[in-house]
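Here the structure is laid out as structure tokens; the discussion comes afterwards.
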Amino acid sequence: MKKFLLGLLCGTALTTATAAAYSSDTVQAYLFPAKYVIDGQPQSLDKDYATLNYEGHAYVPARWVAESLGRLVKYDQDSRTIAIDQTSLSKKLVLDPDFLSYAAKGQIRGIEFGIDTPKETVLKQWGEPHKTGTWQVPYSAWFDYYYFFANPGERVSGIRVGGNSIPYTVDEVKKALGKPRNEGINDVENGWYLFYEAGAYQIFFNADDEHGAVRSLTLKSS
């Protein structure tokens with residue numbers, strides 16, 4: 001391969017816009033079964049993406065590569081601009097006494113958008129979510145952050161954080177935040193839960209067991 005280029009395969013919106021604007025221009029490319037190692041760790045290409053070989057160049061999905069590096073990708077259709085920005089969403093969540101102070105305002109420390117933020121504001125800053133779905137109420141997810149939009153006007157009603165963004169054990173949470181208001185067996189999601197209150201907001205930690213790894217954190221109104 002001569003060199004690797006970030007191709008213009010940046011999600012459905014970009015693909016559609018490109019096809020409409022350049023329907024008369026076509027190229028012949030081939031699927032290229034490449035393997036990826038990012039920051040020393042093997043990564044599997046998502047099934048929705050492919051690597052192409054065109055005239056000796058490998059064209060890789062810009063969105064997938066950028067998000068694998070912990071960056072947000074946004075596409076402006078009017079200006080045909082791909083923006084790749086740094087974000088705190090892919091970083092380790094910080095648990096300390098200030099965490100509860102932020103939670104009392106409906107926020108998670110280090111994340112700019114909290115409870116009651118309009119959905120359109122989040123989309124404008126973070127771009128299209130990595131995935132969407134329904135978990136009792138509709139949600140949109142960016143990296144390990146799930147934003148639930150159940151309030152009138154599609155405002156944020158709850159925030160859930162999981163995955164690598166919250167690599168703590170139950171004992172580490174207690175050490176950082178103090179004794180919870182309540183804890184016990186989680187009959188809904190199995191495992192063990194910790195419950196904290198901060199102002200008008202509730203914080204739930206769901207873990208594997210009484211001293212195990214935390215699976216997720218949920219912040220919502222009381």
So which pairs with a foot in [range] pass salt bridge (charged side-chain N to carboxylate O under 4.0 Å, His left out), sequence neighbours left out?
range	value
residues 211-222	D208-R215
residues 96-106	D96-R109
residues 119-129	K119-E154
residues 161-179	K174-E183

Are more than 12 heavy atoms, taken from residues, nucleotides or ligands other than Y102, located less than 6.0 Å from that residue's OH atom?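 No, the 6.0 Å shell around OH holds no more than 12 heavy atoms from other groups.
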
For Q86, is the CD atom crowded, meaning more than 12 foreign heavy atoms sit under 6.0 Å from it?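 Incorrect, the count does not exceed 12.
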
Taking C-beta and beyond as the side chain, do [X] and [Y] meet within less than 4.5 Å on heavy atoms?
X	Y	answer
L93	I108	yes
N186	W192	no
Y75	T81	no
F205	I166	yes
I82	D76	no

Given the rule in the salt bridge (Lys or Arg N to Asp or Glu O under 4.0 Å) test, do E67 and R63 qualify, once you have shown the distances and angles that lead to the verdict? CA-CA 6 Å; E67 290 175 353; R63 178 178 294 279; 3.3 Å; yes

Cationic N near anionic O, under 4.0 Å, D85 to K74: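 Yes, this pair counts.
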
Contacts of F99 that satisfy ring pair (Phe, Tyr, Trp, His ring centres under 6.0 Å) - sequence neighbours left out: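 For F99, no residue satisfies ring pair (Phe, Tyr, Trp, His ring centres under 6.0 Å) once neighbours in sequence are set aside.
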
With sequence neighbours excluded, residues passing ring pair (Phe, Tyr, Trp, His ring centres under 6.0 Å) with F143: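 Applying ring pair (Phe, Tyr, Trp, His ring centres under 6.0 Å) to F143 gives H130.
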
Does V170 share a hydrophobic cluster with V161, counting links as ILVMFWY side-chain heavy atoms below 4.5 Å and allowing steps through other members?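 Yes, V170 and V161 fall within the same hydrophobic cluster.
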
Check for me, please, whether L89 and Y168 land in the same ILVMFWY cluster - side-chain distances under 4.5 Å, paths through other members count.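 Yes.
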
Restricting to non-hydrogen atoms, name the atom on A50 and the atom on L31 that form the minimum distance, rounded to 0.1 Å.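 Where A50 meets L31 most closely, the heavy atoms are CB-CD2, 3.9 Å.
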
If you group Ile, Leu, Val, Met, Phe, Trp and Tyr whenever their side-chain heavy atoms sit less than 4.5 Å apart, what else falls in with V94?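 Under the 4.5 Å side-chain rule, V94 groups with nothing.
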
Given a cutoff of under 4.5 Å between side-chain heavy atoms of I, L, V, M, F, W and Y, with clusters grown through shared members, what are the other residues clustered with Y193?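 Besides Y193, the hydrophobic cluster comprises F195, F204, listed by chain and residue number.
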
Which residues pass the side chain to side chain contact (heavy atoms under 4.5 Å, CB included) test with S157, not counting sequence neighbours?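 Side chain to side chain contact (heavy atoms under 4.5 Å, CB included) check on S157 returns F148, A150, N151.
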
Can you name the residues that form a side chain to side chain contact (heavy atoms under 4.5 Å, CB included) with Y54, not counting sequence neighbours?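 Partners of Y54 under the side chain to side chain contact (heavy atoms under 4.5 Å, CB included) test: V27, A29, Y59.
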
The criterion is salt bridge (Lys or Arg N to Asp or Glu O under 4.0 Å); which residues satisfy it with E189, sequence neighbours excluded?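 Residues passing salt bridge (Lys or Arg N to Asp or Glu O under 4.0 Å) with E189: R160.
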
Can you pull the side chain to side chain donor-acceptor pair (under 3.5 Å) pairs that have at least one residue in residues 132-147, sequence neighbours excluded?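 Sorted result for residues 132-147: K131-Y146, D144-S165.
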
